[in-house]
Structures are given as structure tokens and as C-alpha cells.
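The figures here come from the full heavy-atom set of this structure, side chains too, leaving out hydrogens, waters and symmetry mates.
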Amino acid sequence: MKLKLLGLVVFSFLFNSCTSKPKTKLVVVLVADQMRPDHFSRFGELYKGGLQWLSNNGISFENAFHQHGYTATGPGHFAIGSGNHPGQSGVLGNSYYDRGSGKVVNCVEDPNAKPIGGEGIGRSYARYSAKTIGDILKDSNSNSKVISIAGKDRSAIMLAGQNPDLVLYYNNLDKFITSSFYADSLPNYINYFNSKLNLQNYRDSLWTKVLNDSLYLNYSREDYFIGEVDWYKVEHDIINESKNGRNDYNPTFPISFDKDHDPGRELMGTPWFDEVMIDLCNLIIDEENLGIDENPDILFIGFSAMDYIIHNYGPFSQEVMDYFIRLDMQLDRLLNHIDNKVGLENVEFVLTSDHGGLPLPEFLTELNMSGGRINQEHLNEAFSWIEDEISEQFEDNLYYRDWSNFYLFHDKLKKKEYLAEDLVEIIKKYLTMVEGVSKVITKEEILSSTQDDQVSIRLKNMIHPNKSADVFVILKPGYLYRNPHGTSHGSPYDYDAHVPVLFSRKDRAKNQNIGHTETVDIAPTILNLLDIKTNHVFDGKVLPVQ
């Protein structure tokens with residue numbers, strides 16, 4: 001009997017040893033700027049590299065959304081990195097009016113931070129106190145490493161949080177830099193990498209289609225499409241006509257740098273930037289020895305070039321299709337390197353996006369869908385009428401307008417015994433006359449609303465009770481401010497809020513989850529996978545990932 005029991009114990013031990021999942025040594029969070037879920041579904045059968053592997057070894061949360069109203073880079077990366085909605089922490093946009101300083105600030109602006117490693121602007125997380133998953137990991141294990149790299153400064157910083165080991169962002173010139181908030185100097189290997197970039201070598205590079213030309217119309221629209229940016233133009237959003245009256249607007253392949261432009265200043269608008277990013281990521285993995293011991297590390301990678309390309313050409317363009325095929329190849333390089341260095345069985349991958357994006361309004365029209373571009377002349381007229389009438393009925397300098405957001409000077413209004421409601425009435429009167437404007441709404445109306453539709457919830461999650469603007473403009477679905485070319489994002493509608501969320505690991509069964517998911521669920525789920533306990537209060541929940 002004792003021998004039988006001993007046999008059962010040994011068998012149980014061996015069975016569990018063979019079937020138990022290896023401990024996670026490295027988490028790689030891939031944030032693809034402006035990626036929509038359909039960039040997986042439309043091009044899925046064309047992927048042969050990293051995107052295919054992530055899909056085949058992952059659980060995809062099909063109904064994943066950002067649940068905040070201003071869907072932009074800064075707020076989106078903050079939601080992913082912190083597990084909290086951006087409004088309550090004061091992450092009001094990529095830039096916003098700061099009532100304390102009386103000026104518009106960048107969301108990662110820090111007047112005390114200096115650029116380290118090259119020319120550029122010192123940026124940091126100093127404006128915020130909310131912890132990110134990297135901060136919580138460091139609190140749990142000081143030997144763990146947290147590293148964040150992206151093209152955009154706000155992308156790298158919002159993911160990295162307060163106390164990362166390394167933050168790198170591109171200076172839009174020639175180097176990846178950090179700021180004095182994080183370090184006194186760059187590691188020697190980063191300085192060496194920067195010294196060897198030699199981005200002038202890209203001056204004669206030509207972006208051509210990587211697949212057979214006949215495939216592109218099967219998955220995207222025609223190459224020449226009115227509404228795309230013509231990248232050859234010195235002024236990208238201007239159509240010039242030659243002396244013979246012919247229009248030389250031609251937004252098609254092949255694409256190269258304008259001869260008068262420095263490649264380093266525009267590299268982030270091309271797929272070549274991802275090649276540089278993957279080279280740098282692979283170097284960091286080696287030099288920092290990520291994932292080689294029992295102290296779990298996190299590597300955040302922000303693919304910023306994607307945003308520039310989709311802004312220019314729209315999500316259904318051949319340029320964007322070609323970009324994703326190339327990204328699939330670059331991610332394959334990253335995964336192969338990680339496999340050789342760490343072993344894919346020891347790594348948890350997360351793929352998501354900071355926001356979605358609107359198709360070109362011209363493309364929506366072709367599909368018989370509503371949409372358009374706000375007439376800038378009419379909008380500016382409305383702004384002028386508002387300013388004139390408030391000045392005539394009251395006086396000047398009673399508010400600050402940051403684009404279409406109005407910040408009322410409440411102390412001055414109170415002192416003069418002016419009613420804020422009277423100013424709001426004037427603002428609403430003129431802005432609702434502009435074609436494409438859905439409504440003009442106040443902060444108080446948003447916060448007091450009892451409506452439970454998704455747009456109302458997202459607007460409320462974007463509000464800070466003291467720091468937010470007092471009056472907001474909400475455009476109709478399908479409309480955007482950008483003129484006359486390109487597309488954008490930023491609305492509370494599903495096309496801007498719906499993003500991919502994918503958790504992938506070697507030999508995980510491919511699966512789809514159709515339950516409602518929010519990007520604030522990502523942070524607590526990562527910490528749960530790492531078995532890290534925290535008292536931090538998340539807005540998100542732990543997702544069913546095994």
C-alpha cells in the first residue's frame with residue numbers, strides 16, 4: 001500500500017512538473033499607435049511573422065475599448081500603463097491648458113527636465129502621481145527592470161511611470177534620448193547605438209510595395225485616393241497647381257523623402273523607423289539581460305511610426321496595408337531574438353493600441369456613410385462671434401480657448417458677478433451652427449449625467465473636476481477637424497475607442513473572448529500573471545488569461 005501511495009506521489013509530481021507553465025521572466029507590452037482591430041482581421045492571412053505568431057498563440061479580446069472620451073496618445077498610453085482612466089489623474093490630452101501656470105502644456109512637459117543624450121526636449125512623468133504597473137513591479141521587487149522605448153516621448157513616458165530603469169524616445173532629429181528626470185547620462189551602449197545610426201543613409205531610400213501589386217486591391221482601396229497626404233510636398237497638406245493648370249497632387253507609391261527635408265526629421269513617418277526600433281530593442285534586451293533571472297522584467301515598446309502613417313493615408317490605404325506587412329516582419333525579428341535570448345516560453349506578450357482611428361472622410365462618402373471635415377473658416381467665424389459677443393455683453397479675458405475647449409476664469413466671473421451660464425449660452429449658440437458639430441456640452445453636464453451609454457461613460461471618465469475645461473465640442477460621428485488631407489482620432493465613438501487587446505504566450509491555445517473589455521484591464525491582468533499583490537485601486541479588472 002505504501003509503495004502504491006509513493007508511486008502516486010511520484011507520478012503526481014512528474015505530471016505537474018511536465019504540465020506546469022514556466023514562470024514569467026519577461027513581459028513585453030507592444031503598443032501600436034492607432035492600430036484598429038480590423039488591421040488583424042483584414043490582413044491576417046497575409047501575416048507570416050510576428051503578428052501571425054502573436055495571433056496563433058494568444059487570446060484576443062474582441063470587444064476591447066478605451067473607456068475615456070478623448071482618444072489620443074497621451075491618455076491612451078496612460079490607461080494602458082496605469083489601469084486607470086486618465087481624467088481623474090489629470091491626463092487631459094496630448095496637450096491642454098494648465099490653470100495653474102496659465103498656459104497650454106504638453107502632457108509630459110517638465111520645465112525642470114533637461115534632454116540627456118542629444119538635442120531635444122526634456123520630458124517626464126512629474127505632472128502625475130498615479131502609479132503604473134512598472135512602478136508597482138519595482139515596489140514589489142527592486143531587482144526587476146522596467147524599460148520603456150517609443151518614438152514619441154509621451155508614449156514612452158506614460159507607460160514607464162515614475163521610476164523606470166530606462167526611458168528612451170526619439171528626438172525627431174538623429175538620436176534616442178532620455179531626460180534628467182530619469183538619468184544623468186545614457187548607458188554607453190545607447191550612445192554607441194546613436195553614434196552609428198547615420199540616418200542620412202535613408203535619404204535615397206524608396207518605399208515600395210513589399211508584396212505583389214495585384215494583392216493590394218484585395219485588401220485595401222486604390223492607391224491614388226483624394227484625401228491622402230502627398231508626402232512629396234514640402235507642405236504636405238497643400239495642393240499646388242503647375243503653370244499649365246495641371247494638379248500635381250499624387251499620393252501614391254513609391255514614396256521617398258523630399259529632397260529638401262532631413263531624413264532624421266521625418267523618419268518616424270516611414271516603416272524604416274520600426275527597423276531602427278527593433279534593432280534598439282534587441283540591443284537593450286542583450287545589454288540589460290532582460291528575462292534571464294527570477295526577477296521579472298517589463299519591456300514597453302511603442303510603435304509610433306504607425307500613427308504618422310495612418311494619419312497621412314488612412315486605415316484602408318495601400319500604404320497602411322504595406323506598413324503592417326512590414327511590421328509583421330519586424331516583429332518576427334524581435335520574437336526570434338527574444339526566443340534565442342530568453343526563450344518564448346518564459347515571456348508574456350501583450351499587444352494593444354492607444355486608440356483607433358477614423359477612415360478618411362472621403363472614403364466614408366464613397367461608402368455612403370456620413371462624415372466630413374469641419375470647415376475651418378466657419379469654425380473660426382464661430383470663435384470670433386463668441387469672442388465679440390462676450391466682449392460686448394461682458395468684457396475681455398473671461399476665458400481661455402484651447403482649440404475648441406473653453407476654460408472659464410471662474411474667480412474673475414465671480415468677482416464681476418457674471419454668470420458662467422451666460423457665457424456658456426453664447427458659446428453653444430455659435431458653435432452648434434457649424435456643420436459637423438453634434439453638441440456643445442459643459443463639464444457639469446457630463447459629470448451630472450445619469451445616462452449609461454458608452455459615449456456618456458467615456459466622456460465622464462475623461463473629466464477632472466478641477467483641471468478639465470468647462471465647455472467641450474463633440475463632433476458628429478465621421479467628422480474631424482483635420483483639413484484638407486489625412487485623418488485623425490480623438491472622439492468618444494467606437495471607431496476611435498475600439499482597439500486590439502491580445503495576450504500571447506508560447507503554446508497558449510488560440511482563442512477569442514467576446515466579453516466587454518477595457519484597456520484599463522491590461523495592467524491588473526499583467527500583475528496577476530506575475531502573481532504580484534498590490535493595494536493599488538484599478539479602474540480595470542483582471543482578465544481571464546491563463
Subject >> Check against side chain to side chain contact (heavy atoms under 4.5 Å, CB included), His355 and Thr519 >> reply: CA-CA 10 Å; His355 52 75; Thr519 52; over 6 Å; no
Subject >> Which atom of Leu502 lies closest to which atom of Leu54, heavy atoms considered >> reply: CD2-O, 3.6 Å
**OP:** In sequence, state the C-alpha distance, the side-chain angles, and the governing distance for Arg127 and Val105, and then conclude on side chain to side chain contact (heavy atoms under 4.5 Å, CB included).
**Re:** CA-CA 10 Å; Arg127 305 184 68 84; Val105 298; 3.6 Å; yes
Subject >> Residue pairs passing the ring-ring contact (aromatic ring centres under 6.0 Å, His included) test where at least one lies in residues 329-351, sequence neighbours excluded >> reply: Trp53-Phe349
Original post:
Taking it one step at a time, do Ser82 and Met158 satisfy side chain to side chain contact (heavy atoms under 4.5 Å, CB included)?
Top reply: CA-CA 8 Å; Ser82 70; Met158 288 299 185; over 6 Å; no
Original post:
Quick one: does Val347's side chain get under 4.5 Å of Val27's, heavy atoms only?
Top reply: no
**OP:** Any pair with a residue in residues 516-535 that passes ring-ring contact (aromatic ring centres under 6.0 Å, His included), sequence neighbours left out, goes on the list, sorted by first then second residue, please.
**Re:** none
**OP:** Working to the nearest 0.5 Å, report the span between OG of Ser55 and CD of Gln512.
**Re:** 8.0 Å
Original post:
Do Ile522 and Phe503 come close enough that some side-chain heavy atom pair is under 4.5 Å?
Top reply: yes
Subject >> ring-ring contact (aromatic ring centres under 6.0 Å, His included) contacts touching residues 67-94 (sequence neighbours left out) >> reply: His66-His68
Subject >> All side chain to side chain donor-acceptor pair (under 3.5 Å) counterparts of Glu319, not counting sequence neighbours >> reply: none
Original post:
Taking the six-membered ring for Trp, are the ring centroids of Tyr125 and Tyr128 within less than 6.0 Å of each other?
Top reply: yes
**OP:** Kindly confirm or rule out a cation-pi arrangement of Arg221 over Phe363, judged by NZ or CZ under 6.0 Å from the six-membered ring centre and within 45° of its axis?
**Re:** yes
**OP:** Keeping the roles fixed (side chain from Ser180, backbone from Ala113), state whether a donor-acceptor pair exists under 3.5 Å.
**Re:** no
**OP:** Any chance you could measure Ser185, atom OG, to Asn191, atom CG, to the nearest 0.5 Å?
**Re:** 7.5 Å
**OP:** Quick one: list whatever passes side chain to side chain donor-acceptor pair (under 3.5 Å) with Lys138, sequence neighbours left out.
**Re:** Asp165
**OP:** Ignoring hydrogens and angles, tell me if any N or O in the side chain of Lys460 forms a donor-acceptor pair with the backbone of Ser449 under 3.5 Å.
**Re:** yes
Original post:
Is there a donor-acceptor contact under 3.5 Å from the side chain of Ser353 to the main chain of Met35?
Top reply: yes
**OP:** Decide whether Tyr96 and Asn106 meet the rule of one side-chain donor and one side-chain acceptor closer than 3.5 Å.
**Re:** no
**OP:** Taking Asn346 for its side chain and Val342 for its backbone only, find out whether a donor-acceptor pair lies under 3.5 Å.
**Re:** yes
Original post:
Do the side chains of Phe303 and Leu331 get nearer than 4.5 Å, heavy atoms only?
Top reply: yes
**OP:** Using only heavy-atom distances, determine whether the side chains of Ser456 and Asp453 contain a donor-acceptor pair under 3.5 Å.
**Re:** yes
Original post:
Are Val320 and Ile309 side-chain neighbours, meaning at least one heavy-atom pair lies under 4.5 Å?
Top reply: yes
Subject >> Residues in salt bridge (charged side-chain N to carboxylate O under 4.0 Å, His left out) contact with Asp33, at least two apart in sequence or another chain >> reply: Lys152
**OP:** Give a yes or no answer on whether the side chain of Asp38 reaches the backbone of Arg42 with a donor-acceptor pair at less than 3.5 Å.
**Re:** no
Subject >> All side chain to side chain donor-acceptor pair (under 3.5 Å) counterparts of Ser438, not counting sequence neighbours >> reply: none
**OP:** Give a yes-or-no answer on whether the side chains of Arg505 and Asn57 include a donor-acceptor pair shorter than 3.5 Å.
**Re:** no
Original post:
Looking only at heavy atoms, which two atoms of Pro315 and Ile310 are closest? And how far apart?
Top reply: N-CG2, 3.9 Å
**OP:** Would you check if the side chain of Asp153 reaches a backbone N or O of Tyr169 as a donor-acceptor pair within less than 3.5 Å?
**Re:** no
Original post:
Short question: side chain of Tyr481, backbone of Leu475 - any donor-acceptor pair under 3.5 Å?
Top reply: no
Subject >> Minimum side-chain heavy-atom gap Val350-Leu30 below 4.5 Å >> reply: no
Distance-only donor-acceptor pairs under 3.5 Å for side chains of residues 269-277, two or more places apart:
residue : atom : partner : partner atom : Å
Thr270  : OG1  : Leu267  : O            : 2.8
Thr270  : OG1  : Trp272  : N            : 3.3
Asp274  : OD2  : Tyr323  : OH           : 2.5

Original post:
Taking atom types as modelled and ignoring hydrogens, do the side chains of Thr132 and Asp135 form a donor-acceptor contact shorter than 3.5 angstrom?
Top reply: yes
Original post:
Hey, mind stepping through Val31 and Ile80 against side chain to side chain contact (heavy atoms under 4.5 Å, CB included) and telling me if it holds?
Top reply: CA-CA 9 Å; Val31 183; Ile80 294 164; 3.9 Å; yes
Original post:
Roughly how far, to the nearest 0.5 Å, is CG of Leu360 from OH of Tyr313?
Top reply: 11.5 Å
**OP:** State whether Arg154 and Glu109 are salt-bridged, where the test is any N-O pair (Lys NZ or Arg NE/NH1/NH2 against Asp/Glu carboxylate O) under 4.0 Å.
**Re:** no
**OP:** For Lys541, enumerate each residue passing the salt bridge (charged side-chain N to carboxylate O under 4.0 Å, His left out) test, keeping only those at least two apart in sequence or located in another chain.
**Re:** Asp521
Original post:
What residues form a salt bridge (charged side-chain N to carboxylate O under 4.0 Å, His left out) with Lys533, not counting sequence neighbours?
Top reply: Asp531
**OP:** Answer with yes or no whether the side chains of Gln88 and Asp539 bring together a donor and an acceptor at under 3.5 Å.
**Re:** yes
Subject >> Interatomic spacing from OG in Ser179 to CD1 in Ile116 - rounded to 0.5 Å >> reply: 7.5 Å
Subject >> Sequence-distant partners of Asp279, salt bridge (charged side-chain N to carboxylate O under 4.0 Å, His left out), two or more places apart >> reply: Arg333
Original post:
Is the number of heavy atoms from other residues, nucleotides or ligands under 6.0 Å of Asn188 CG greater than 12?
Top reply: no
Subject >> Side-chain donor or acceptor of Asn63 paired with backbone N/O of Ile514 under 3.5 Å >> reply: yes
Original post:
Under the side chain to side chain donor-acceptor pair (under 3.5 Å) rule, what pairs show up with a residue in residues 494-503, not counting sequence neighbours?
Top reply: Arg458-Asp494, Ser491-Asp496
Original post:
If we only count heavy atoms from C-beta on, is the Val28 to Leu290 side-chain gap below 4.5 Å?
Top reply: no
Original post:
Are Met462 and Pro86 side-chain neighbours, meaning at least one heavy-atom pair lies under 4.5 Å?
Top reply: yes
Subject >> Interatomic spacing from CG in Asp354 to OG1 in Thr73 - rounded to 0.5 Å >> reply: 4.5 Å
Original post:
Atom CG in Leu358, atom CG in Leu364: separation rounded to 0.5 Å?
Top reply: 5.0 Å
Subject >> Test item: side-chain donor near acceptor, Tyr189 and Glu288, under 3.5 Å >> reply: yes
Subject >> Backbone N/O of Pro524 and side chain of Asn528: donor-acceptor pair under 3.5 Å >> reply: no
Subject >> Side-chain (Thr24) to main-chain (Glu348) donor-acceptor, under 3.5 angstrom >> reply: no
Original post:
Do Ile147 and Asp297 have side chains that get closer than 4.5 Å, going by heavy atoms?
Top reply: no
Subject >> Under 3.5 Å side-chain donor-acceptor pair for Lys209 and Gln318 >> reply: yes
